[in-house]
Amino acid sequence: MEAALSHQQTLVGLSTALDVVVELVDLVGAEKVAGCVVRPDNIHIQPSELQDGDEIAQRLGLHSTLDSYSSTPGFTDWCGQVKGVEVHVRSALRRTTA
């Protein structure tokens, strides 16, 4: 198990993540973002409309996905790295073919 981040590392990580989230919201448009959870090492973006999540993820260059069928409604979590910070965007569940 990794050691906990020092207070200074936490502050630097949080400062970086906050800078990145401001840039991301500016890029996709504040009207498309309902909220964000910002931690020193990751950002979670909740779109105003779930169906906009795919578009937001593509604009941010996120390509990895995790489809969650067990919740109601199901959703897709898009994730990737932006400026060294892990970013997740929730979207409507993708329609995939078997």
Side-chain angles (χ1 to χ4, degrees):
M1 181 176 198
E2 290 184 31
L5 293 175
S6 73
H7 180 70
Q8 184 63 29
Q9 288 172 315
T10 300
L11 290 176
V12 169
L14 190 54
S15 177
T16 299
L18 287 169
D19 290 343
V20 171
V21 81
V22 168
E23 289 181 38
L24 299 182
V25 171
D26 282 346
L27 177 66
V28 300
E31 70 283 351
K32 291 194 177 249
V33 177
C36 298
V37 174
V38 181
R39 295 186 182 97
D41 58 351
N42 60 60
I43 298 166
H44 292 256
I45 297 174
Q46 177 69 38
S48 299
E49 301 290 336
L50 268 183
Q51 63 267 21
D52 292 338
D54 290 352
E55 175 191 344
I56 291 170
Q58 296 305 315
R59 291 195 71 188
L60 300 180
L62 307 179
H63 301 291
S64 296
T65 58
L66 176 65
D67 298 319
S68 178
Y69 297 95
S70 60
S71 62
T72 304
F75 65 91
T76 296
D77 178 66
W78 290 84
C79 61
Q81 292 279 323
V82 177
K83 296 193 174 197
V85 179
E86 182 179 324
V87 177
H88 293 262
V89 175
R90 184 173 276 214
S91 73
L93 187 61
R94 297 179 307 149
R95 304 236 186 261
T96 58
T97 57

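Heads up: numbering here begins at 1 and tracks the sequence.
Under the rule for a side-chain hydrogen bond (donor to acceptor under 3.5 Å, both in side chains), the partners of Asp77 that lie at least two apart in sequence or sit in another chain are His88. Among residues two or more places apart in sequence or in another chain, the side-chain hydrogen bond (donor to acceptor under 3.5 Å, both in side chains) test is passed with Thr65 by Arg94. For Ala92, the side-chain contact (heavy atoms from CB on, under 4.5 Å) partners are Leu50, not counting sequence neighbours.
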Side chain to side chain contact (heavy atoms under 4.5 Å, CB included) between Arg90 and His44: does it pass, once the steps are laid out?
CA-CA 8 Å; Arg90 184 173 276 214; His44 292 256; over 6 Å; no
Decide side chain to side chain contact (heavy atoms under 4.5 Å, CB included) for Trp78 and Ser64; before the verdict, give the C-alpha distance in whole Å, the side-chain angles of both, and the deciding distance to 0.1 Å.
CA-CA 6 Å; Trp78 290 84; Ser64 296; over 6 Å; no
Take Lys32 and Glu55 through the test salt bridge (charged side-chain N to carboxylate O under 4.0 Å, His left out) and record every step on the way to the result.
CA-CA 10 Å; Lys32 291 194 177 249; Glu55 175 191 344; 3.4 Å; yes
Decide side chain to side chain contact (heavy atoms under 4.5 Å, CB included) for Val82 and Leu24; before the verdict, give the C-alpha distance in whole Å, the side-chain angles of both, and the deciding distance to 0.1 Å.
CA-CA 9 Å; Val82 177; Leu24 299 182; 3.7 Å; yes
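Smallest separation of non-hydrogen atoms from Cys36 and Val21: SG-CG2, 3.6 Å. Gly53 and Pro47 get closest at one heavy-atom pair: CA-CG, 3.8 Å. Contact record, Val38 with Ala17: CG1-CB, 3.6 Å, taken as the closest heavy-atom pair.
Taking CD of Gln51 as the reference point, atom CG of Leu93 lies at 13.0 Å (rounded to 0.5 Å). Summarising the geometry, atom CD belonging to Glu49 is positioned 13.0 Å from atom OG belonging to Ser91; distances are rounded to the nearest 0.5 Å.
Checked options Val28, Leu62, Val25, Leu60; the residue passing with Ile45 is Leu60 (criterion: side chain to side chain contact (heavy atoms under 4.5 Å, CB included)).
With hydrogens and angles ignored, the 3.5 Å screen pairs a side-chain donor or acceptor of Arg59 with a backbone N or O of Leu27. Side chain of Thr76 to main chain of Asp67: no donor-acceptor pair is present (N/O by atom type, distance under 3.5 Å, no hydrogens or angles). Side-chain atoms of Ser15 do not come within 3.5 Å of backbone N or O of Leu11 as any donor-acceptor pair.
Both Val33 and Val20 belong to a single network of hydrophobic side chains, linked directly or stepwise wherever heavy atoms of I, L, V, M, F, W or Y lie under 4.5 Å apart.
A heavy-atom distance below 4.5 Å is found between the side chains of Val12 and Gln8.
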